[in-house]
Asker: 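Have a look at this one before I ask anything.
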There are 2 protein chains.
Amino acid sequence: MSDTDAPDLPVEPVEPAAASGVPTMFDVARRAGVSHQTVSRVLNDLTGVAASTRLRVEQAIAELSYTPSPAARAMAKRRSGSIGLIQAGRPDYGPSNAALGFNEAAHEAGYTVTQASMRSLDGEVLRQAVHRLALQRVEAIVLISGEREGVGVLTGIDAGVPLIVVASEPTPGLHRVSMDQYGGARIATEHLVGLGHREIRHVAGPVDSMDASERHRGWADAMRTHGLEVHAPIVGDWLAASGDAAGREVLAEGTATAVFVANDQMSLGLLHACHDAGVRVPDDLSVIGFDDIPEAAYFTPALTTVRQDFESLGRDIMATVLDVLRDEPDAPDRTSRVPELVVRGSTAAPTR
Amino acid sequence: MSDTDAPDLPVEPVEPAAASGVPTMFDVARRAGVSHQTVSRVLNDLTGVAASTRLRVEQAIAELSYTPSPAARAMAKRRSGSIGLIQAGRPDYGPSNAALGFNEAAHEAGYTVTQASMRSLDGEVLRQAVHRLALQRVEAIVLISGEREGVGVLTGIDAGVPLIVVASEPTPGLHRVSMDQYGGARIATEHLVGLGHREIRHVAGPVDSMDASERHRGWADAMRTHGLEVHAPIVGDWLAASGDAAGREVLAEGTATAVFVANDQMSLGLLHACHDAGVRVPDDLSVIGFDDIPEAAYFTPALTTVRQDFESLGRDIMATVLDVLRDEPDAPDRTSRVPELVVRGSTAAPTR
DNA sequence: GGGCGGTTCGTTAGCGCTAACGGAACACGA
DNA sequence: TCGTGTTCCGTTAGCGCTAACGAACCGCCC
């Protein structure tokens, strides 16, 4: 049997001992009196293991409180089991809650989430973040940021993995999830029109925001549907300060009886401007916001707004990721979740 | 030369080809005409590589656009290079920004962040999140959540890795980071006292919140310092609704000339209640908040509050993590960052 | 000219898993 | 008795890195 004339040396089977502390699969195998492969089989719930053997292995696992090394597993399986998440820009109510929903859904699906968030919206910084995640061999990269630039940057990148973005406009080459901003804006506008308003201004979000564009479009289309004049919107930056400035502008003009503001924070600023100017809301001016942040109900007056379910959006993102990873041929389009009107005290019929 | 009488078979050196697409260290080595170990040396910036060789390797790396596999590296080095982050509870302004700062600092330090956030504050859910992260072999786990219960849960866990929490009270057995909530509350109270107020109520955060307790303590101590009566605080839950309820209570009582509210959201609710009741702020009642969320400047009236730098807190967390991982003997105590008073329009001298 | 220290590099052996294959043991019918 | 399947399990060979060692080569001094 021996293919050499040298004496058979006592070949020590190289079963690594649990020297470094944490037990390995071999430690479990030795304790259970089986091979490490059988342990692997039990771990991965494969067939071909006798019930009694399975039990012994499970017991050994429990006794050693063994847990498989994710690095070794990732290496052998050639997949990391983790998904990259980039949250760019200010951690506002919307993005934060979407990220949270995504996180929960990802864990439920057995994935790990590797975070690469940043305050900056700069293209170069974003590119680096994508690169960092790609280095980590994440299986997909998710971008939560409504800015058109961010999406543009991703479009030009070949990260080697699927890219999923939250975007309310079509994004060629990328997978997309969003809520129906256009529809929400129409609902808001219809509400004002239904109350009898005919001079309705719009305070929009930043020009680079796709959500802002869609809300603007929804407002404009609704106005046109009713034969009302579509003024140029006043452009803000989502923050309360810009809402305040926009409010002063609207009041200086003095013709509007209602304003559709593209988010709740700017609505707050606008309400502030009204109060300063002695303009009563909703008696002299109706105001409707967008998002329904938790504070909106306690603005003065309580803000009528359009509620978005960001957490569900986050879950939609993960669902889309799974579709993409599984290469589903006809995955459902997850861009039609429609926001819901919440009527409070900041809107009423016009008095003039 | 041959030690066998068999003919020399063409021994194929088992250098794995780039069959699976992504290039490996061996591919780089072959292209550069060196051994894979030399590639590793270049990658890890070790000495003992001739400048010319280093150049050739770097060029090969660039040409193949090779990036090392984190899984293989983690396995060989026996460290994952990632840190677990648990953000429990609502993604409010404070925690979200702290998480963001932490994220940026972690990446600057060369670490990856594995996220395990959840809306729930339940102990069991938290325990599972810690477990999930431990399975991932993260090198440390960070908890951002001011609830005492969360910290308590972590105290009882042996995750096998260092645990770092954001907590404004001492946490035996855990590493701790925080801002000086007590000091901030004293500053707020001193401001009101300085204006001449003597009947100052406190609207506190939930009893399980350490921040709430510290702010309460700071208020109470400041009151005592000035010989003022320390009433029992009204307990809220951080949300605007509870601030509204607290406001009604304060107004019904009718003795207070000022209120120190434990956060800005509840302040908003309280302002709302005042407006409803026809009580003018600050003429009839002064209100001061805590946190300085971006919206606070646009409350009606603009809110006087105490500003906290959450992003820096996040960076402090990462600094502490690094101290712990490096096993620094005398790491600095990062619990003394003092908030800053921001005076706006909601506080004034009492008129009675 | 030989010994000796430094620099530069290659060889080998892991890290802890999974995938692929093979082989032993047993049951069954022809 | 002999195949012929099953069922169960072990053996071997990777996955793509790092760590430890050792060999080759250079120049130097005695």
Side-chain angles (χ1 to χ4, degrees), chain A residues 1 11-58 60-61 64 66-81 135-137, chain B residues 11-57 60-61 64 66-81 135-137:
Chain A
M1 249 192 156
V11 182
E12 185 66 22
V14 253
E15 287 192 8
S20 74
V22 279
T24 78
M25 195 169 255
F26 286 85
D27 299 318
V28 175
R30 195 175 326 111
R31 189 173 190 104
V34 297
S35 78
H36 74 279
Q37 178 56 22
T38 298
V39 177
S40 172
R41 275 192 268 260
V42 170
L43 239 44
N44 295 6
D45 215 42
L46 299 179
T47 58
V49 180
S52 61
T53 308
R54 183 180 294 272
L55 212 67
R56 280 214 320 284
V57 171
E58 278 164 352
I61 288 175
L64 295 174
Y66 159 81
T67 64
S69 150
R73 192 172 261 194
M75 197 164 164
K77 283 185 126 132
R78 250 155 287 198
R79 36 178 304 246
S80 64
L135 290 189
Q136 291 301 318
R137 306 282 203 267
Chain B
V11 180
E12 185 64 24
V14 252
E15 288 191 9
S20 74
V22 278
T24 78
M25 194 169 258
F26 285 87
D27 299 318
V28 176
R30 194 175 328 111
R31 189 175 189 102
V34 297
S35 78
H36 74 279
Q37 178 56 20
T38 298
V39 178
S40 172
R41 274 191 270 259
V42 170
L43 241 43
N44 294 7
D45 215 42
L46 299 179
T47 59
V49 180
S52 62
T53 308
R54 182 180 295 271
L55 212 68
R56 281 214 321 285
V57 171
I61 289 176
L64 295 174
Y66 160 82
T67 63
S69 150
R73 192 172 259 195
M75 198 164 162
K77 284 185 125 129
R78 247 153 291 193
R79 36 179 305 247
S80 65
L135 289 189
Q136 291 299 320
R137 307 280 204 268

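The chains referred to below are lettered A, B, ... by the order of the sequence lines, with proteins before strands, and numbering in each begins at 1. We use all heavy atoms of the structure for the numbers below, so side chains are in, but hydrogens, waters and symmetry mates are not. Remember, it's a predicted structure, so these values are computed and weren't measured experimentally.
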Asker: Can you tell me how far CE of B:Met25 sits from CG of B:Leu64, rounded to the nearest 0.5 angstrom?
Answerer: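 CE of B:Met25 is found 12.5 Å from CG of B:Leu64.
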
Asker: When rounded to the nearest 0.5 angstrom, what distance separates OG in B:Ser69 from CD in A:Gln136?
Answerer: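 Between atom OG of B:Ser69 and atom CD of A:Gln136 there are 9.5 Å.
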
Asker: If you round to the nearest 0.5 Å, how far is CZ of B:Arg73 from CE of A:Met75?
Answerer: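 The CE atom of A:Met75 sits 12.5 Å away from the CZ atom of B:Arg73.
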
Asker: Calculate the interatomic distance between B:Leu135 atom CG and C:dG16 atom P; express it in whole Å.
Answerer: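 Between P of C:dG16 and CG of B:Leu135: 16 Å.
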
Asker: Looking only at heavy atoms, which two atoms of A:Ala74 and B:Ala71 are closest? And how far apart?
Answerer: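 Heavy atoms of A:Ala74 and B:Ala71 come nearest at CB-CB, 3.9 Å.
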
Asker: Check nucleotides 23-28 of chain D for protein N or O atoms closer than 3.5 Å to its own N or O atoms and list the pairs.
Answerer:
none

Asker: Do any N or O atoms of the protein come closer than 3.5 Å to N or O atoms of nucleotides 4-8 of chain C, and which pairs are they?
Answerer:
none

Asker: Which pair of heavy atoms, one from B:Leu43 and one from B:Tyr66, lies closest together, and at what distance?
Answerer: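 Answer, listing the atom of B:Leu43 first, then B:Tyr66: CD2-CE2, 3.6 Å.
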
Asker: For nucleotides 17-24 of chain C, just jot down a letter per nucleotide in 5' to 3' order: B, S or -, based on protein non-hydrogen atoms under 4.0 Å.
Answerer: BBBB----

Asker: Do the non-hydrogen side-chain atoms of A:Thr53 and A:Val42 ever get within less than 4.5 Å of each other?
Answerer: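 No, every pair of side-chain atoms sits at 4.5 Å or beyond.
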
Asker: Rounded to the nearest 0.5 Å, what's the gap from NE2 on A:His36 to CG on A:Asp27? Could you check?
Answerer: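 Interatomic distance, A:His36 NE2 to A:Asp27 CG, rounded to 0.5 Å: 12.5 Å.
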
Asker: State, to 0.1 Å, how close A:Pro70 and B:Arg137 come at their nearest heavy-atom pair, and which atoms those are.
Answerer: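 Taking A:Pro70 first and B:Arg137 second, the nearest heavy atoms are CD-CG, 3.6 Å.
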
Asker: Mind checking side chain to side chain donor-acceptor pair (under 3.5 Å) for B:Arg41 and listing every partner two or more places apart, or none if nothing turns up?
Answerer: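 B:Arg41 satisfies side chain to side chain donor-acceptor pair (under 3.5 Å) with no residue once adjacent residues are dropped.
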
Asker: Just report the end-to-end axis angle for the helix from C:dG1-D:dC30 to C:dA30-D:dT1, five pairs per end, to 10 degrees.
Answerer: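 Angle reported: 70°, given to the nearest ten degrees.
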
Asker: Would you check, one step at a time, whether the test side chain to side chain contact (heavy atoms under 4.5 Å, CB included) holds for A:Arg54 with A:Asp45?
Answerer: CA-CA 10 Å; A:Arg54 183 180 294 272; A:Asp45 215 42; 3.5 Å; yes

Asker: Between P on D:dG16 and CG on B:Leu64, what's the gap in Å once rounded to a whole number?
Answerer: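 Checked: the CG to P distance equals 14 Å.
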
Asker: State which residues pass side chain to side chain donor-acceptor pair (under 3.5 Å) with B:Arg56; sequence neighbours excluded, sorted by chain then number.
Answerer: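 So B:Arg56 forms no side chain to side chain donor-acceptor pair (under 3.5 Å) with any residue.
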
